[in-house]
2 protein chains.
Amino acid sequence: MKKDFIFDVIKNSPNSLTAEEIYNDVSQNIDVNLSTVYRTLNNLVDKNLVTKVVRQDKIAYYELANEENPKHYLICDKCSGAFSTEMCNLDKIARKIKRETGFNITSHTLEFHGICPECIKNAK
Amino acid sequence: MKKDFIFDVIKNSPNSLTAEEIYNDVSQNIDVNLSTVYRTLNNLVDKNLVTKVVRQDKIAYYELANEENPKHYLICDKCSGAFSTEMCNLDKIARKIKRETGFNITSHTLEFHGICPECIKNAK
DNA sequence: AAAAATACGCAAATCATTTGCGAGTACACT
DNA sequence: AGTGTACTCGCAAATGATTTGCGTATTTTT
């Protein structure tokens, strides 16, 4: 099944990917349609095997569902590069919110915007 | 100018609004086109008077640009209600990231997903 | 008031993603 | 093997929020 090829790409990627990036990658090995990629990704998300995060650019990024995986990004507004960070312990905050508001938090997304060191350097 | 009507709606709203919500609101008072609303909103964002945040539903939400304004939301996956929270001091984390990575953070967005107390109650 | 600039409406375009449909393929049970 | 049922896919068209081209109106500047 083509699902396996698609899932493999995600499993082997160190960072999150767009549907199109996955499509391009898988296409190098097998013949596949973009809508199949989207359909498969939705299946994987439904089965909690893959995490989908919509970023400020309105494009969905997919990555392996894994508690260890950071879903926190530093996004450079100059070069559009995305860097992930694990430097934020939001679980503490999530627990506090649950305790004080009764809202049962199951997931979260965090995006920092700014200029990356590389672009800061190049600006000079 | 219609810009003033649009800006007023944002100024007077306690929470962030979609372009369509703003359009509906403004339409009650004056005759306006949806594309004018979008165009005006982009202007306001460019002038840093309004903040635009794209949420996981891929819809842009607009609110008054204001350091005091929380850009952190609790979003209920059942009723789709959005509640804002100020319970997270991310500035501390932002400073830490800047210090340790050199990434110059200018803004951030945070979205918690889960089930709100109301929906938890109704589920029983 | 004429010229230059900006605001606006309308319809068409955009772009990531979804969906309807029809054909191909796999698995199960007899 | 044969038939039935359920997926899996490709393809083309649909979707929906947002943008854009263009012509007209309205405001601002001179």
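Values in this document were obtained by computation on a predicted structure and should not be read as measured data. Every chain is numbered from 1, with letters handed out A, B, ... down the list of sequences.
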Check your understanding: Does Asn33(B) place a side-chain N or O at less than 4.0 Å from the phosphate oxygens OP1/OP2 of dC8(C)?
Key -> no
**Study point:** Nucleotide nearest Arg39(A) when distance is taken to its side chain, options dT18(D), dG9(C), dC21(C)
**Key:** dC21(C)
Practice item. Please check if atom CG in Asp31(A) has more than 12 non-hydrogen atoms from other residues, nucleotides or ligands closer than 6.0 Å. Key: no
Check your understanding: Tell me: CD1 of Ile22(A) to C1' of dA16(C), nearest whole Å?
Key -> 14 Å
Review point. Does Ile97(B) offer a backbone N or O that forms a donor-acceptor pair with the side chain of Glu100(B) under 3.5 Å?
Key: no
Point to revise | Which nucleotide in dC9(D), dG10(D), dT18(D) has an atom nearest any side-chain atom of Ala60(B) | key: dT18(D)
Check your understanding: To the nearest Å, how far apart are Tyr23(B) OH and dT19(D) P?
Key -> 16 Å
Point to revise | Interatomic distance, Ile6(A) CD1 vs dG10(D) P [rounded to whole Å] | key: 9 Å
Check your understanding: Atom CZ of Phe7(A) to atom P of dT8(D): distance rounded to whole Å?
Key -> 15 Å
Exercise for review: Provide, to the nearest angstrom, the distance between the CG atom belonging to Leu34(A) and the P atom belonging to dC11(D).
Suggested key: 12 Å
Review point. When the distance from CD1 of Ile59(A) to C1' of dT18(D) is rounded to whole Å, what number comes out?
Key: 14 Å
Check your understanding: Nearest-Å distance, CG (Asp4(A)) to C1' (dT8(D))?
Key -> 12 Å
Check your understanding: Counting only side-chain N and O atoms of Asn42(B), is one of them less than 4.0 Å from OP1 or OP2 of dT18(D)?
Key -> no
Exercise for review: Ignoring backbone atoms, establish whether Tyr38(A) has a side-chain N or O less than 4.0 Å from OP1 or OP2 of dT17(C).
Suggested key: yes
Revision key, fill the gap. Rounded to whole Å, CG of Asp31(B) lies from P of dA25(D) at a distance of 15 Å
Exercise for review: Verify, without hydrogens or angle tests, whether Asn12(B) (side chain) and Asp8(B) (backbone) share a donor-acceptor contact under 3.5 angstrom.
Suggested key: yes
Check your understanding: Quick check: does any side chain N or O of Ser13(A) sit under 3.5 Å from a backbone N or O of Val9(A), one acting as donor and the other as acceptor?
Key -> no
Review point. Would Val50(A) end up clustered with Val32(A) when hydrophobic side chains under 4.5 Å apart are linked, directly or stepwise?
Key: yes
Check your understanding: Just to confirm, is there a sub-4.0 Å distance from OP1 or OP2 of dG10(D) to any side-chain nitrogen or oxygen of Lys2(A)?
Key -> yes
Check your understanding: Any donor-acceptor pair under 3.5 Å joining the side chain of Ser35(A) to the base of dC9(D)?
Key -> no
Point to revise | Short side-chain N/O contact to dT18(D) OP1/OP2 from Lys58(A), under 4.0 Å | key: yes
Check your understanding: Mapping Met1(B) and Tyr61(B) to their closest nucleotides on DNA chain D, which lands nearer the 5' end?
Key -> Tyr61(B)
